[in-house]
Amino acid sequence: SSIGSSQREPKKDVLLGGLLVPGFDEHSCASRYQAAYYHKDMARRPSPHLIKRLREQEALQRRCGPGTEPYARASQRLKSGQTDAAGDEIDGCRYLVLISYRGLGNRMLAMASAFLYAMLTDRVLLVDRGYGDTLTSLFCEPFPNATWALPHDFPLENFKDLGEDAPESYGNVAVNRSGSVTGLRFVYLHLDHAASQANRLVYCDDHRQFLHRLQWAVLRTDQYMAPGLFFNLAYRDELDRLFPSKDSVFHILSRYLLHPTNDIWGMVTRYYDSYLRNADERVGIQIRVFENRDTPFQQVLDQILACTSQEHLLPAVVGAAGGVSSPAFKAGAAGGGGGGGARSVAVLVTGLSSWYADSIREMYWKSATVTGEAVRVHQPSHEEHQHYFHGEHDMKALAEIYLLSLTDKIVASGWSTFGYAGYGLAGHTPYLLFRPMNYSEPAPNPPCTRAMSMEPCSHGAPGFECTRKEINRNIDTGVLLPHVRPCEDMSWGLKLT
Ligand code: GDP
């Protein structure tokens, strides 16, 4: 089997500088041990403090997780509605339950940032399995001898229906109950990208308020919480120690946490070995059109080609007009004169429609490149429509996100968490396509920009300062901290740099 690749190149640091723990059964999750042979080296090293905290979190997950006595007692308490305030200290085990919803990219950003939140608040992270047990069919267990999957018999009935008006919601407790948790079995953190500012007060919870008094917290988020956590003075020093470079929080946490299962890893490696491995360069283009129209948009293709030309990512073709022509493109080691020795570029296109990749492929078939390079265009799947929690569809999506992370340069669609997850895992600063608000109009100009960092954009960060908590006055929080900036692709989003 391909497990042998790690034996062929014994020098690779497969455990990523101590980020990953040894001791897992290698065959049960091959990606954990083989990814290092496919990925580029990590863009940033994990800090010693992060490594120490990860080991502590793993120990907590083991000591308090499902299958343990403390978990049985805690879930019994939740079930029986026992709410005495001192009780949360029982066994020293507190829990953060993450509800899974929305697309896979959303879920990956949510998992990585919920994990960070769990670590900051000393809670055990338990992830809802999703419909059809998608969690366990997509991802390996990240913690040794522990499970992060929420047990099927989790006692809180209908927890997936919780909404921001729930009596247990943080916004309600903070604003309408003045922080009183009397009679509450759990607190519900509603951090959906569209959450009210009152619910976003979670970002400012400083432990001394009420959250720590509750053993159970249920979190709903479809987005990347990390930038918002930096506004909290209670976490800031710890975050600085965990992440001396703020531009790679998702990169490091996703490489730690999100290992595809063997079936998906097989899809990734077979595709990579067949179509990408032997190219001199791999360019990923992630195409996401936020419109339910069955016919593709010429404007989107124009925008992509204008971007690859502007950024010299793909060679121009002979005789091309206007924006597509790019004689300035320098291929470095261009093969010169074509023939069998020509330098080759493999383009990995991901998207729901096949038309864009077909068009780019045809362009390079009908015309020669000005550099003499051979351009091969590949697209693993074209699912046409988005589905939620559909086994095979999700598997393909994860395989493609992972394949994107194995390319050398990435063009990603603005607003798309699918792309954020791909370039974040890769550790590349992407070229971000500006999202057209109306796809039928001419493409945005400029078409794209080089991003500030490899971090995902948070689509639901707080719009207030934690020192003031003025939730009725939306201020520009993108100017408050040196490492938290407005996103390139969404003016009200925030990203770490
Ligand atoms: P976002 O909506 O672009 O932020 O990304 P999400 O991943 O959260 O949701 C989009 C969903 O649509 C994915 O999870 C897939 O189910 C599907 N999808 C979108 N683009 C692609 C693609 O390029 N390939 C595959 N296989 N699925 C896609």
Side-chain angles (χ1 to χ4, degrees), residues 98-114 130-132 134-135 137-139 192-194 220-225 250 254 258 260 263-264 267-268 271 283-294 296-297 300-301 304 347-358 360 377-407 410-426 430 432-437 439 455-460 487 489-490 493 495:
L98 175 66
I99 298 174
S100 294
Y101 67 120
R102 299 238 159 82
L104 187 61
N106 288 94
R107 282 180 264 152
M108 290 169 72
L109 304 189
M111 285 193 275
S113 53
Y131 302 95
T134 17
L135 175 72
S137 63
L138 293 175
F139 298 102
D192 179 85
H193 71 278
R220 178 191 296 278
T221 191
D222 58 348
Q223 53 103 36
Y224 187 55
M225 294 162 60
F250 180 80
S254 62
L258 302 174
D263 285 347
I264 294 161
M267 293 167 74
V268 170
Y271 202 90
V283 176
I285 303 181
Q286 180 252 340
I287 306 174
R288 180 77 165 119
V289 176
F290 293 98
E291 188 149 345
N292 283 326
R293 188 179 93 168
D294 279 332
F297 293 91
V300 172
L301 178 63
I304 293 163
V347 183
L348 174 78
V349 177
T350 66
L352 291 170
S353 155
S354 58
W355 181 80
Y356 303 98
D358 289 344
I360 299 170
V377 181
H378 309 287
Q379 179 173 12
S381 80
H382 48 95
E383 296 280 281
E384 312 304 336
H385 296 286
Q386 172 176 356
H387 305 285
Y388 292 108
F389 296 99
H390 181 286
E392 203 176 306
H393 176 80
D394 273 356
M395 288 174 72
K396 287 181 188 167
L398 180 55
E400 286 171 43
I401 287 173
Y402 219 88
L403 279 164
L404 277 173
S405 83
L406 304 181
T407 61
I410 298 180
V411 178
S413 293
W415 285 45
S416 174
T417 59
F418 190 104
Y420 297 169
Y423 71 67
L425 264 169
L432 279 175
L433 296 161
F434 293 110
R435 182 198 156 157
M437 295 320 287
Y439 288 94
E455 279 284 291
C457 175
S458 168
H459 292 177
C487 305
D489 56 331
M490 184 185 273
K495 77 186 281 184

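Counting starts at 1 for both ligands and their atoms, in listed order.
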Exam field: side chain [X] to backbone [Y], donor-acceptor pair closer than 3.5 Å:
X: His459; Y: His193; result: no
X: Glu400; Y: Thr350; result: no
X: Tyr224; Y: Ser113; result: no
X: Gln286; Y: Ser413; result: yes

Does only the side chain of Arg107 get under 4.0 Å from ligand 1, or the backbone, or both, or neither? Count heavy atoms. neither

Is ligand 1 under 4.0 Å from a heavy atom in the side chain of Ser381, in the backbone, in both, or in neither? side chain

Under 6.0 Å from the CD atom of Glu392, do we count more than 12 heavy atoms belonging to anything else shown?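 Counting neighbours around CD of Glu392, 12 or fewer heavy atoms of other residues, nucleotides or ligands fall under 6.0 Å, so no.
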
When you look at NE2 of His378, are more than 12 heavy atoms from neighbouring residues, nucleotides or ligands closer to it than 6.0 Å? yes

Check each atom of ligand 1 against the heavy atoms of [X] and keep those under 4.0 Å away; list them by number with element.
X: Thr417; result: 1 (P), 3 (O), 4 (O), 5 (O), 6 (P), 8 (O)
X: Gln386; result: 9 (O), 10 (C), 11 (C), 12 (O)
X: Phe290; result: 2 (O), 3 (O)
X: Gly103; result: 6 (P), 7 (O), 8 (O), 9 (O), 14 (O)
X: His393; result: 15 (C), 16 (O), 17 (C)
X: Gly105; result: 6 (P), 7 (O), 8 (O)

CG on Leu138 to CD1 on Ile401, rounded to 0.5 Å: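 Separation between the atoms: 9.5 Å.
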
Within this structure, what is the OG1-CZ distance for the pair Thr417 and Arg102, rounded to the nearest 0.5 Å? 10.0 Å

What residue and atom, counting heavy atoms only, is the protein's closest point to atom 24 (N) of ligand 1, and at what distance? Glu400 OE1, 2.8 Å

How far is atom 13 (C) of ligand 1 from the closest protein heavy atom, and which atom is that?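 Result for atom 13 (C) of ligand 1: Phe418 CD1, 4.0 Å.
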
Minimum non-hydrogen distance to atom 14 (O) of ligand 1, winning option of Leu398, Val289, Leu104: Leu104

Out of Val349, Ile287, Leu352, Asn106, indicate the one that has the non-hydrogen atom closest to atom 28 (C) of ligand 1. Leu352

Looking at every heavy atom in both Pro260 and Leu398, which two are closest together, and how far apart are they? CB-CD2, 4.1 Å

Taking all atoms of both residues into account, what is the closest heavy-atom pair of Phe290 and Tyr439, and its distance?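 Nearest heavy atoms, Phe290 then Tyr439: N-OH, 2.9 Å.
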
So, regarding Asp394 and ligand 1 (criterion: nitrogen or oxygen to nitrogen or oxygen, under 3.5 Å), is there a contact or not? no

Would you check whether Gly351 has a nitrogen or oxygen atom less than 3.5 angstrom from a nitrogen or oxygen atom of ligand 1? yes

Check for me whether [X] has a heavy atom closer than 4.0 Å to any atom of ligand 1.
X: Tyr388; result: no
X: His387; result: yes
X: Arg288; result: yes

Whether His393 and His390 hold their rings parallel, tilted or perpendicular, with breakpoints at 30° and 60°: perpendicular

